[in-house]
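A short worksheet on the structure shown next.
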2 protein chains.
Amino acid sequence: MSSTKALREGSTGKRTAILSAARELFLANGFDRTSVDAVAARAEVSKRTVYDYFGDKHTLLRAVIDTVGQSLIATIRRTIDDNLTDPSDLEDALVAFSMRIATDMFDSAEYTALRRLVRSEPDNLPRGYNTIADVPEEALAERFTAFAAAGLLDIQDARLAADHFVALTFGVALTRLGSANATEDTRVRPFIVEGVRTFLRAYGTR
Amino acid sequence: MSSTKALREGSTGKRTAILSAARELFLANGFDRTSVDAVAARAEVSKRTVYDYFGDKHTLLRAVIDTVGQSLIATIRRTIDDNLTDPSDLEDALVAFSMRIATDMFDSAEYTALRRLVRSEPDNLPRGYNTIADVPEEALAERFTAFAAAGLLDIQDARLAADHFVALTFGVALTRLGSANATEDTRVRPFIVEGVRTFLRAYGTR
DNA sequence: ACTACACTACACCGTGCAGTGTAGTGCTGG
DNA sequence: CCAGCACTACACTGCACGGTGTAGTGTAGT
């Protein structure tokens with residue numbers, strides 16, 4: 001008698017189909033408003049199969065957060081490496097970086113959607129899952145420390161500076177545009193540009 | 001035959017009892033997770049009475065948002081007047097202002113809860129209701145304009161500066177502390193102080 | 001041909017919840 | 001005393017949803 005009812009380990013693509021269907025629906029509509037039937041329909045899979053792969057709705061949620069979180073972190077790390085290594089012009093680099101995060105991130109601001117999701121379902125998640133939401137800031141903080149060492153920024157607390165950067169760029173863009181499809185370059189860019197400028201006025205070396 | 005089933009106009013305190021019960025529950029747990037039965041119980045009122053006063057759950061939500069929004073705006077306006085008129089020390093004044101907003105606001109960060117609520121229930125609200133969430137920034141922007149005229153701040157776009165200020169203080173505090181009961185002065189204050197300092201480094205006159 | 005397995009279709013249970021209908025109670029003014 | 005009103009208690013409908021059980025189908029390996 002196995003303890004956990006033996007979930008199917010799924011060699012097939014069904015698992016990923018379910019996962020990405022769940023991801024789209026959870027991120028778009030939230031956990032409560034997404035029915036398992038809807039996920040199954042979107043994945044073109046029987047509801048029973050969903051329950052065979054993942055034991056229940058909460059486990060499915062955790063799986064979604066895990067995968068989205070991982071891919072999100074990877075994207076951010078890569079984008080940091082691409083745009084924030086040895087920049088010739090710091091302002092341009094920071095703007096380019098932020099824009100790529102804002103758009104390159106699959107469709108709309110998936111990062112913030114994930115964040116909202118994690119924050120809004122504390123009851124459905126084990127402690128510590130919200131750590132995922134902090135990783136990007138920490139990665140940024142690392143890079144800021146390097147900039148400070150190179151004399152490009154004047155920073156005492158790198159983590160705080162990262163928080164300020166995120167707040168000034170994504171934070172403002174998000175609250176003002178309300179997670180409208182960020183693919184619209186034109187509306188997002190001004191907020192990013194101004195956020196970066198303000199950041200540099202506060203943290204730049206004269 | 002009246003068109004709208006004739007809601008009760010309620011001279012009594014029942015109406016406000018229902019409203020504040022609904023406010024607490026909606027803001028704490030969200031719309032979906034709050035049952036009308038729970039609201040009725042909390043208001044110590046029969047469920048039927050809730051439906052007699054407000055026609056359905058959505059109308060109740062709109063009423064809550066209206067009243068909370070109004071009182072929130074009033075509080076902010078008053079706090080601005082109290083703390084941001086003719087300040088002797090700008091940094092101290094901004095910190096005091098922010099702390100009062102963060103705590104004085106009834107219990108936890110009700111402003112952000114309202115914001116979350118408005119943003120997360122777009123389907124349950126008529127267009128234009130999210131305007132409420134912008135009023136505080138606009139009030140702040142007015143005052144910033146005055147400061148700029150008085151030579152206390154170096155600002156081009158006052159509304160943008162207000163957005164930046166809110167993001168640097170409440171935004172950061174909120175994402176980092178996750179709407180924990182803000183009454184805990186000690187945890188909030190550092191974020192507010194640092195946010196204000198960063199803001200002044202970017203927008204202050206040297 | 002037989003087994004094993006992944007999967008579907010479908011019926012089904014329990015529950016929580018929005019919303020309604022109604023009988024009854026107590027209070028207030030004429 | 002009566003009428004009207006605000007309100008409660010409660011039963012009830014309809015529905016959506018999470019989760020389960022199961023019979024049956026297609027397919028691959030032996």
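Letters go in sequence order (proteins before strands), and every chain restarts at 1.
Put simply, CZ on Phe54(A) is 18 Å from C1' on dT20(D), counting in whole angstrom units. The distance between atom CZ of Arg33(A) and atom P of dA18(C), rounded to the nearest whole Å, is 13 Å. If you take CZ of Arg48(A) and C1' of dA11(C), they are 13 Å apart, rounded to a whole angstrom. In this structure, Asp32(B) atom CG and dG16(C) atom P are separated by 17 Å, rounded to whole Å. In this structure, Lys57(A) atom NZ and dT20(D) atom P are separated by 14 Å, rounded to whole Å. Rounded to an integer number of Å, the gap from CG of Asp52(B) to P of dA18(C) is 16 Å. We find that NE2 of His58(A) is positioned 10 Å from P of dG18(D), with the value rounded to whole Å. One can place CG of Asp37(B) at 9 Å from C1' of dA18(C), the figure rounded to the nearest angstrom.
Atom CG of Asp86(B) sits in a sparse spot, with 12 or fewer heavy atoms from other residues, nucleotides or ligands closer than 6.0 Å.
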### Query
Should Phe165(A) and Phe144(A) be marked as a ring pair (Phe, Tyr, Trp, His ring centres under 6.0 Å) after you check the CA-CA gap, both sets of side-chain angles, and the distance that decides it?
CA-CA 10 Å; Phe165(A) 181 84; Phe144(A) 282 176; 5.8 Å; yes
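For a distance-only test at 3.5 Å, the side chain of Lys47(A) qualifies as a donor-acceptor partner of the base of dG19(D).
Note that CZ of Arg100(A) and CD1 of Ile192(A) are 13.5 Å apart. Values are rounded to the nearest 0.5 Å.
Tyr51(B) has no side-chain polar atom (N or O) that falls below the 4.0 Å cut-off from OP1 or OP2 of dG21(C). Between Thr49(B) and the phosphate of dT8(D), there is a side-chain N or O to OP1/OP2 separation shorter than 4.0 Å.
Distance from the side chain of Tyr53(B) is smallest to dA6(D) among dT8(D), dT8(C), dA6(D). The side chain of Asp56(B) lies closest to dG19(C) when the candidates are dT8(D), dG19(D), dG19(C).
Nucleotide dG29(D) forms a Watson-Crick or G-U wobble pair with dC2(C), both donor-acceptor distances falling under 3.5 Å.
Residues Phe147(A) and Tyr203(A) place their aromatic rings such that the two centres sit no closer than 6.0 Å.
Arg23(A) and Ser20(A) share no side-chain donor-acceptor pair at under 3.5 Å.
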